[in-house]
Amino acid sequence: MAKVITPRNEDYSQWYNDLVYQSGLADQSAVRGCMVIKPHGFALWENMKDVLDRMFKETGHVNAYFPLFVPKSLFEAEEKNAEGFAKECAIVTHYRLKNDPERKGKLIVDPEAKLEEELVVRPTSEAIIWNTYRDWIQSYRDLPILINQWANVVRWEMRTRPFLRTAEFLWQEGHTAHSSSEEAIEEALKMHEVYTRFAEDYMAMPVIKGAKTANERFAGAEETYTIEAMMQDGKALQAGTSHYLGQNFAKAFQVKFLNDQNREEFVYATSWGVSTRLIGALVMTHSDDDGLVLPPKLAPIQLVIVPIPKPSSEIDLVAEKILKDLKSKGIRVVYDRDEKNRPGFKFAEYELKGVPLRIGIGSRDLEKGVAELARRDSKEKVSVPLESLVDEVLKLLIEIQSGLFDKARKLRVEKTKFLDQWSDFEELMKEEGGFVYAHWDGNSETEELIKEKTKATIRCIPFDPDLKEKGQCILTGKESKGRVLFAKAY
RNA sequence: CGGGGCGUAGCGCAGCCCGGUAGCGUACCAGUAUGGGGUACUGGUGGUCGCUGGUUCAAAUCCAGUCGCCCCGACCA
C-alpha cells in the first residue's frame with residue numbers, strides 16, 4: 001500500500017491534492033504558485049486541446065500567436081480591463097543580470113539595465129491583440145477576424161491550487177472582430193455553445209449555461225457568458241467563459257472600419273477562453289477514492305491489457321492480437337508486459353491513473369477462451385469470450401462515457417434546490433451546500449450582501465426559459481425577473 | 001499583507017523538551033522464493049539535520065538572525 005489517497009468524505013480538498021500528485025497529473029515546482037504538468041496530465045490536456053482546436057476550426061477560426069509581453073502603455077489603454085487585472089500582474093522591469101561584486105558566483109539585477117517602459121506579462125491578450133488588429137482593419141471587408149491562440153498566461157494569485165488556480169496556466173483565447181454588434185454577440189454565444197458541447201459530450205460534465213452578473217463579469221466586457229459545473233462537493237466551478245466586448249477595446253485602441261455606407265465605425269469584439277483548469281474540473285467531477293476516473297473520449301489510455309500473473313508466450317500471442325484489433329478501431333491501448341510489477345500493483349496503478357477499461361489475461365482464462373474485462377467507473381468485472389472482446393470493449397467505452405455524464409447530472413439534480421425563504425438559503429449554504437435557484441432583485445449590493453452572509457455567489461443568470469418566472473428577491477423581497485443560480489464557487 | 005504550522009535520505013515522518021557516533025516506514029539496488037488485487041524474506045545504497053552566526057569540550061537538539069514552503073483569510077478563471 002504505497003500510495004494512499006485521503007478519502008473524499010474526510011477532506012475533499014486534500015483528496016484532490018493527493019489525487020493530482022499521486023496519479024501523475026502534476027508535480028510541485030520550485031516556483032511559487034506554479035506547477036509542473038507531468039506527462040499524464042499533459043496528455044490529457046493535449047486530448048482536450050485537439051478536440052477544442054478541431055471545434056474552433058470547424059466554426060471558422062484560425063490559430064495565431066501574439067507576444068507574451070505587453071508594454072504597460074498598451075495594457076492600460078482599456079481602463080476597466082487594466083484595472084481588473086492590475087493587482088495580479090507580473091512585470092518585467094529589467095533585461096540583464098550581472099555578477100554580484102559582493103558575493104562571488106552570484107548574480108544581481110543590473111541597475112543599469114532598466115527598461116524604459118515596463119512590460120506586463122500577459123494575464124490575457126486583449127491589449128496586444130487589439131493594438132495589432134488596428135493595423136489589420138480598414139474596411140468591413142476585412143471583417144470578421146476570427147483568431148484563436150494557444151498560450152500561457154500569468155496571473156499572480158494569492159492562493160493557488162493545482163490546475164484550479166495557478167500563477168501560470170495554459171489556455172486558449174479566442175479574439176474576434178466584427179462589423180456589427182449582432183454578429184459579435186452571435187459569435188460569443190456560438191463559442192459558449194462550443195464550450196457547452198465540449199464539456200458535456202467529451203468531458204461528460206453537465207453544465208449550466210448562463211450570463212454573469214455585472215459583479216462577476218470579465219473586466220472590459222459588456223456581457224460574459226459562462227458554463228458552470230458542479231463538483232462532487234457541491235461547489236460550482238466556472239469551466240469556460242465567452243465575452244461580448246462591445247466596442248470597448250476598439251475605442252481604447254482606435255480600431256475603426258468603414259462600413260458599406262462608407263461611414264466610419266468602431267469594431268465590435270468578442271473573446272473567449274478555457275484553460276488547464278478544465279483538468280481540475282474533470283478530476284473533481286468523476287474521480288473517486290481509488291484515483292482518477294476519466295471519460296473514455298479524453299483518457300490518454302483507454303484500455304490496458306495486464307498479463308496474469310506475468311507475460312508468457314501464450315498470453316503474448318493473445319494480447320498482441322487484441323492490441324492490434326483494438327488499435328485498428330482507433331482505441332488508445334497499451335499492453336503492460338512489465339515484469340517488475342505484479343498484477344495487483346498494476347491494477348491499482350491504472351485505476352489511480354483513471355484508465356477506463358482493463359483486460360486481464362491469465363492461463364485459466366486462456367483455457368476457457370475468455371479474458372477478464374474490468375471497468376474503472378463501476379469496478380465491475382466480467383468474463384468475455386475472446387471472439388466478442390473487441391465489440392464488448394467498443395460498447396463499454398460508449399456506455400462508460402454516457403454513464404459518467406448521467407451520474408454527474410444525477411448528483412447535480414440531487415444537490416440543486418429551489419428556495420424562496422432566506423432562512424432556508426442560509427441554512428443550506430451553511431450545511432450541505434450545492435446549487436440554489438433563487439430570486440434576486442438584480443442589484444449588485446444585494447449580491448454582495450448575500451456573499452458576505454453565506455459565501456455563496458451568483459454563478460450565473462441561467463438561460464433556461466423555465467427560470468424566467470417573476471418573483472420576489474430571496475433577501476430583500478423586492479421584485480425579481482427570474483431565478484438565478486447561487487453556489488459557493490472554486 | 002494578517003493568523004497558524006513546518007523545514008532531518010527521493011517521499012512521509014520520529015529524534016529536539018532534558019546537548020554526547022542520525023533513526024523508522026516507504027522508495028531504490030542485489031538475491032531467493034512467490035505469483036488471478038498494491039508479495040515475503042535476506043542483504044545493501046543513500047542525509048554538510050533549510051541557511052548564517054552565537055553559546056558549549058561537544059549542537060539536529062539551546063539562543064539570535066535569515067531564507068523557503070504549506071494551511072486558513074483578503075484576491076481570483
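First the proteins, then the strands, lettered A, B, ... as listed; each starts at 1. Note that the structure is a prediction, hence the values are computed from the model and not measured.
Under the side chain to side chain donor-acceptor pair (under 3.5 Å) criterion, the residue pairs touching residues 358-370 of chain A are A:Glu351-A:Arg358, with sequence neighbours excluded. Applying the salt bridge (Lys or Arg N to Asp or Glu O under 4.0 Å) definition to pairs two or more places apart or across chains, those involving residues 274-297 of chain A are A:Arg8-A:Asp289, A:Asp288-A:Arg376, A:Asp290-A:Lys379.
Distances shorter than 4.0 Å separate some side-chain N or O of A:Arg342 from OP1 or OP2 on B:U39.
The side chain of A:Lys87 has B:C75 as its nearest neighbour among B:G38, B:G37, B:C75. Nearest to the side chain of A:Arg277, among B:A77, B:C75, B:C71, sits B:A77. Residue A:Arg364 places its side chain closer to B:G36 than to any other of B:G36, B:A77, B:G73. Side-chain proximity of A:Glu157 to B:G38, B:C75, B:G36: nearest is B:C75. Residue A:Glu351 has its side chain nearest to B:G37 when only B:G37, B:A77, B:G36 are considered.
Checked against side-chain hydrogen bond (donor to acceptor under 3.5 Å, both in side chains), A:Lys209 has the following partners two or more places apart in sequence or in another chain: A:Glu193. Contacts of A:Asp110 classified as side-chain hydrogen bond (donor to acceptor under 3.5 Å, both in side chains), with partners at least two apart in sequence or in another chain: A:Arg96. The side-chain hydrogen bond (donor to acceptor under 3.5 Å, both in side chains) test applied to A:Thr6 returns A:Asp18, not counting sequence neighbours.
A heavy-atom distance below 4.0 Å to RNA chain B is reached by these residues of residues 299-322 of chain A, ordered by number: A:Ile308, A:Pro309, A:Lys310.
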Report all side-chain donor-acceptor pairs from residues 37-50 of chain A shorter than 3.5 Å, counting only partners two or more places apart or in another chain.
residue, atom, partner, partner atom, Å
A:His40, NE2, A:Lys353, O, 2.9
A:Asn47, ND2, A:Leu298, O, 2.9

Show me the donor-acceptor pairs within less than 3.5 Å that the side chains of residues 76-92 of chain A make with the rest of the protein, sequence neighbours left out.
residue, atom, partner, partner atom, Å
A:Glu78, OE1, A:Lys80, N, 3.3
A:Glu78, OE1, A:Asn81, N, 2.7
A:Asn81, ND2, A:Ala219, O, 2.7

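As a whole-Å value, the separation of A:Asp18 CG from B:G38 P is 21 Å.
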Dump the pairs, protein N or O against N or O of nucleotides 6-8 of chain B, anything under 3.5 Å, distances to one decimal.
none

